[in-house]
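The figures here come from the full heavy-atom set of this structure, side chains too, leaving out hydrogens, waters and symmetry mates.
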Amino acid sequence: MLAKRIIPCLDVKDGRTVKGVNFVDLRDAGDPVELAWNYSQQGADELVFLDITATHERRKTMVELVKAVARQINIPFTIGGGINEIADADALLNAGADKISINSAAVRNPELIDELAKAFGVQFVIVAVDTRHISNQNIVHLNGGRIATEKETLTWILEAENRGAGEILLTSMDHDGTKAGFDNSLLKVVNDAVNIPVIASGGAGNMQHFVDVFEHTNVDAALAASVFHYGEILIPDLKAELKKHSINVR
């Protein structure tokens, strides 16, 4: 059985790590390169960096950040935000990123998933999905959760898998930043339906939440931000707790 992965997520805005609640009320959480180094020392399995206000003009900023992070750490890391075409992904992968994450651009242009998978390989392409529960349905949202689409979440995830997504990063906006636990019911439905790894995101508040998400949904990885950024959970302690529950971690 593959070891479960613990993944700190760094939301980056104007070169700084930030964190909010339900995608709003952002506050500073530190220098992303310093945090990345710290997490690699603690034993994080991977890192995810999301440029939450990405624009084309700032692509150079993210390339420089990727180079700086790649010099500091020796664990895989993913970069996302503002990737709209092959050239964007190519620049980031060449700068040292191990994987790229696409979200809004993939929903607006689903063929982008096919193109990236063909150009770089399925294993390099993560499709991030921000979802919110509306009128008894889980609905995909775009632009950092600001715009609701007409796409039902599971339907979109299955399409993304068919087009060549190598992993799904599923964020429950209803749970994000609340520290009330992951959306295990949705995560189980999605994880049971797909044949690619699912990363759980949104809602981690304590170590038991990580135990619960792995035991109840069998997802491949769990991602969190503020509990790691502010030192509420240390990764070595979390892995020790998971091992106590016979959950296989590195």
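- Between Ala200 and Phe182 the shortest heavy-atom distance is O-CE2, 3.7 Å.
- The distance from atom CD1 of Ile73 to atom CD of Glu46, rounded to the nearest 0.5 Å, is 10.0 Å.
- Checked by atom type and distance alone, the side chain of Asn38 never pairs as donor or acceptor with a backbone atom of Gln41 at under 3.5 Å.
- Side-chain contact check for Asn109 versus Glu85: every heavy-atom pair is 4.5 Å or farther apart.
- Taking 4.5 Å as the limit, some side-chain heavy atom of Leu92 sits within range of a side-chain heavy atom of Val63.
- Looking only at distances, a side-chain donor or acceptor of Asn162 sits under 3.5 Å from a matching main-chain atom of Leu158.
- In this structure, the separation between CD1 on Ile102 and CG on Leu116 is 5.0 Å, given to the nearest 0.5 Å.
- The shortest side-chain heavy-atom distance between Ile196 and Glu167 does not fall under the 4.5 Å cut-off.
- At least one side-chain heavy atom of Tyr39 sits less than 4.5 Å from a side-chain heavy atom of His229.
- Tracing side-chain contacts under 4.5 Å through hydrophobic residues (I, L, V, M, F, W, Y), one reaches Val249 starting from Val213; they form part of the same cluster.
- Using cut-offs of 30° and 60° on the angle between ring planes, the pair Phe49 and Phe77 is perpendicular.
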Is there a side-chain contact (heavy atoms from CB on, under 4.5 Å) between Asp45 and Lys239? Walk through the geometry before answering. CA-CA 11 Å; Asp45 298 301; Lys239 289 194 169 184; 2.9 Å; yes

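- Asn191 contributes no side-chain N or O that, together with a main-chain N or O of Leu187, makes up a donor-acceptor pair within less than 3.5 Å.
- Minimum heavy-atom separation, Met62 to Ile79: CE-CD1, 3.5 Å.
- When all heavy atoms of Asp31 and Thr17 are compared, the pair lying nearest together is C-OG1, 3.9 Å.
- One side chain, Asn218 or Lys4, offers a donor N or O that lies under 3.5 Å from an acceptor on the other.
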Run the numbers on Glu34 and Gln72 for side-chain contact (heavy atoms from CB on, under 4.5 Å), then give the verdict. CA-CA 9 Å; Glu34 284 179 23; Gln72 291 289 333; over 6 Å; no

Begin with the C-alpha distance, continue with both residues' side-chain angles, and end with the deciding distance and a verdict on side-chain contact (heavy atoms from CB on, under 4.5 Å) for His133 and Met173. CA-CA 8 Å; His133 201 69; Met173 294 171 58; over 6 Å; no

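- Salt bridge status for Glu241 with Lys244: present, with a side-chain N to carboxylate O gap under 4.0 Å.
- To the nearest 0.5 angstrom, Arg146 atom CZ is 10.5 Å from Asp130 atom CG.
- The two residues Ile233 and Met207 have their closest heavy-atom pair at CD1-N, 3.8 Å.
- In this structure, the side chain of Asn94 does not engage the main chain of Ala91 through any donor-acceptor pair within 3.5 Å.
- What you find for Glu152 and Gln137 is that their closest heavy atoms are CG-NE2, 3.8 Å.
- In the hydrophobic clustering of ILVMFWY residues, with side-chain heavy atoms under 4.5 Å counting as a link, Ile134 and Val107 come out apart.
- Put simply, Trp37 and Leu35 are part of two different groups of oily side chains (I, L, V, M, F, W, Y) that touch within less than 4.5 Å, one to the next.
- One hydrophobic cluster, built from ILVMFWY side chains closer than 4.5 Å, holds both Ile75 and Ile100.
- Phe228 places a side-chain heavy atom less than 4.5 Å from the side chain of Leu238.
- Using a 4.5 Å cut-off on side-chain heavy atoms (C-beta onward), Asp174 and Arg132 make contact.
- With hydrogens and angles disregarded, a donor-acceptor distance shorter than 3.5 Å links the side chain of Thr149 to the backbone of Val140.
- Ile86 and Val122 are not part of a single hydrophobic cluster, where members link through side-chain heavy atoms under 4.5 Å apart.
- No donor-acceptor distance shorter than 3.5 angstrom exists from the side chain of Tyr230 to the backbone of Ala225, with no hydrogens or angles considered.
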Take Leu65 and Val33 through the test side-chain contact (heavy atoms from CB on, under 4.5 Å) and record every step on the way to the result. CA-CA 8 Å; Leu65 173 65; Val33 181; 3.7 Å; yes

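- With no hydrogens or angles considered, a side-chain donor-acceptor pair links Ser185 and Asp183 at under 3.5 Å.
- The shortest side-chain heavy-atom distance between Leu112 and Asn84 does not fall under the 4.5 Å cut-off.
- Distance CG/Leu10 to CG/Leu223: 9.0 Å, rounded to 0.5 Å.
- No option in Val198, Leu170, Asn138 other than Leu170 meets the side chain to side chain contact (heavy atoms under 4.5 Å, CB included) test with Val129.
- Interatomic distance, NE2 of His216 versus CG of Asn184, reported as 7.0 Å (0.5 Å rounding).
- In this structure a side-chain-to-backbone donor-acceptor pair under 3.5 Å is present from His209 to Asn206.
- Under the 4.5 Å side-chain criterion, counting only non-hydrogen atoms from C-beta, Glu161 is not in contact with Ile168.
- Using a distance-only test at 3.5 Å, with no hydrogens or angles considered, no donor-acceptor pair links the side chain of Lys99 to the main chain of Gly166.
- Taking both residues in full, the closest heavy atoms of Leu154 and Ala193 are given as CD1-CB, 3.8 Å, listed atom of the first, atom of the second, then distance.
- We find the OG-CD1 distance between Ser101 and Ile126 to be 6.0 Å, quoted to the nearest 0.5 Å.
- His175 contributes no side-chain N or O that, together with a main-chain N or O of Ser201, makes up a donor-acceptor pair within less than 3.5 Å.
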